[in-house]
Amino acid sequence: KIKRSVEGDVERYKARYVAKGFKQIEGVDYEEVFAPTGTQATTRVFIAVAAAEGLVVEHLDVCTAFLNGDLEEIIYVEQPQGFVTGEPGQKCRLFKALYGLRQASRAWHRKLVATLLANGFEVSDADPALFIKHDGLGVVRLLVHVDDLLITSNYDKMLAEAKQQLAMKFELRDLGEVTMYLGIEIVCNKATGEVKISQKRYALD
């Protein structure tokens with residue numbers, strides 16, 4: 001997969017070891033698969049409210065997010081080429097989720113939610129992918145879309161602590177102030193509180 005920068009330039013290439021989820025049997029290899037993600041409407045409101053309050057919205061990316069999810073089912077996979085160990089034909093049991101598994105997204109979301117709740121966040125009634133943390137000094141808001149997180153706060157110390165708590169649990173890429181999110185280009189004018197959101201399109205390779 002080709003990952004691009006905000007300008008559309010090739011930033012890096014990615015490759016993954018993917019499980020054959022199409023061979024899984026419901027009720028045997030997996031049960032629930034649903035995992036909520038922030039809606040486009042919530043994303044726009046999240047950014048607009050932050051801009052109106054003069055706050056910076058920062059973008060965090062969780063590296064290999066699905067690999068953090070804990071599996072509840074017993075699942076075996078073939079060993080990947082180039083990393084075979086043990087006896088010929090020996091399989092590997094998965095204790096962590098793997099890309100391609102039907103329940104991988106749900107397992108990751110469950111792990112992330114548990115981490116956020118343990119660190120004082122609450123799930124918003126407006127959107128199950130929106131998390132809010134209050135204390136006497138300020139508020140932190142965090143919006144989740146799979147492995148992409150938007151975070152903002154009116155108190156720098158709370159923002160730094162929230163990011164540190166996540167970094168202690170997961171490998172993060174701190175992308176700084178958000179300018180591109182899920183194919184949407186975001187331009188905020190903190191002086192006027194105005195925000196411009198537009199769809200960004202690239203030519204296919």
Side-chain angles (χ1 to χ4, degrees), residues 1-19 35-40 42-44 46-47 50-51 55-70 80 96-101 104-121 123 127-133 139-188 190 195 197-202 205:
K1 184 176 181 180
I2 299 174
K3 300 291 285 187
R4 296 184 177 276
S5 65
V6 176
E7 293 76 22
D9 300 322
V10 176
E11 190 176 68
R12 57 197 172 96
Y13 297 91
K14 293 179 65 176
R16 289 175 176 156
Y17 178 46
V18 180
T37 58
T39 65
Q40 190 172 92
T42 302
T43 301
R44 290 174 177 269
F46 185 95
I47 296 169
L55 306 178
V56 173
V57 177
E58 298 191 21
H59 186 186
L60 303 176
D61 176 51
V62 183
C63 302
T64 57
F66 284 5
L67 305 186
N68 291 287
D70 299 310
K96 295 286 188 177
L98 195 65
Y99 288 91
L101 291 178
S105 181
R106 183 177 179 85
W108 153 241
H109 184 77
R110 188 169 57 234
K111 185 68 169 284
L112 176 61
V113 170
T115 300
L116 292 173
L117 295 180
N119 285 290
F121 281 87
V123 183
D127 192 318
L130 177 63
F131 298 83
I132 303 172
K133 180 178 181 179
V139 59
V140 180
R141 303 185 188 100
L142 186 143
L143 183 63
V144 178
H145 186 95
V146 191
D147 58 354
D148 283 294
L149 314 178
L150 293 184
I151 186 168
T152 188
S153 177
N154 60 355
Y155 186 41
D156 290 343
K157 184 178 179 181
M158 284 186 68
L159 179 64
E161 286 178 349
K163 289 165 65 175
Q164 184 180 28
Q165 288 165 351
L166 287 169
M168 289 175 64
K169 197 73 175 180
F170 311 112
E171 183 182 351
L172 296 178
R173 293 174 63 226
D174 190 337
L175 304 178
E177 184 174 358
V178 64
T179 55
M180 177 69 67
Y181 185 71
L182 305 178
I184 300 173
E185 186 176 21
I186 302 162
V187 180
C188 294
K190 290 183 283 295
V195 58
I197 300 175
S198 58
Q199 201 74 26
K200 191 80 170 179
R201 301 185 183 278
Y202 302 120
D205 291 311

To the nearest 0.5 Å, how far apart are OG1 in Thr43 and CG in Leu150?
6.5 Å
What heavy-atom pair brings Lys133 and Gly120 nearest, and what distance separates the two atoms?
CG-O, 3.5 Å
Side-chain touch Val62/Val146, heavy atoms, less than 4.5 angstrom:
no
Check His59 against Tyr181 and note the closest heavy-atom contact, atom names and distance.
NE2-CD1, 3.8 Å
Closest approach of Ala97 to Ala104 (non-hydrogen atoms, all atoms of both residues)
CB-CA, 4.0 Å
Determine whether Leu60 and Lys163 make a side-chain contact, defined as any pair of heavy atoms from C-beta on separated by less than 4.5 Å.
yes
Lys/Arg N to Asp/Glu carboxylate O, Asp70 vs Lys96, below 4.0 Å:
yes
Ile151 and side chain to side chain contact (heavy atoms under 4.5 Å, CB included): which single residue from Leu142, Leu143, Val144, Val178 fits?
Leu142
Is any side-chain heavy atom of Thr115 closer than 4.5 Å to one of Phe121?
no
Shortest non-hydrogen separation from Asn68 to Thr64 and the atoms involved
ND2-O, 3.5 Å
Is there a side-chain contact between Thr152 and Val140 in this structure, where contact means two heavy atoms from C-beta onward sitting under 4.5 Å apart?
no
Using every non-hydrogen atom in the two residues, find where Val139 and Met158 come nearest and quote the distance to one decimal.
N-SD, 3.9 Å
If you round to the nearest 0.5 Å, how far is CZ of Arg4 from CD of Glu11?
11.0 Å
Which label fits Phe170 and Trp108: parallel for a plane angle under 30°, tilted from 30 to 60°, or perpendicular past 60°?
perpendicular
Got a second to check how far Asp61's CG is from Glu171's CD, nearest 0.5 Å?
9.5 Å
So how far is it from Gln165 CD to Glu161 CD, rounded to the nearest 0.5 Å?
6.5 Å
Would you name the heavy atoms of Ala65 and Asp147 that are closest together and state the gap between them?
CB-CB, 3.4 Å
Nearest-0.5 Å distance, OG1 of residue Thr42 to NE2 of residue His145:
12.0 Å
For the CG atom of Leu67 and the OH atom of Tyr17, what is their distance to the nearest 0.5 Å?
12.0 Å
Would Val123 and Leu117 count as a side-chain contact (heavy atoms from CB on, under 4.5 Å) here? Give the steps.
CA-CA 8 Å; Val123 183; Leu117 295 180; 4.2 Å; yes
Does the side chain of Leu55 reach to within under 4.5 Å of the side chain of Arg141, using non-hydrogen atoms?
yes
Answer yes or no: are there more than 12 heavy-atom neighbours, outside Lys1 itself, under 6.0 Å from its atom NZ?
no
Within the structure provided, determine whether Val18 and Leu98 are in side-chain contact (heavy-atom separation under 4.5 Å).
no
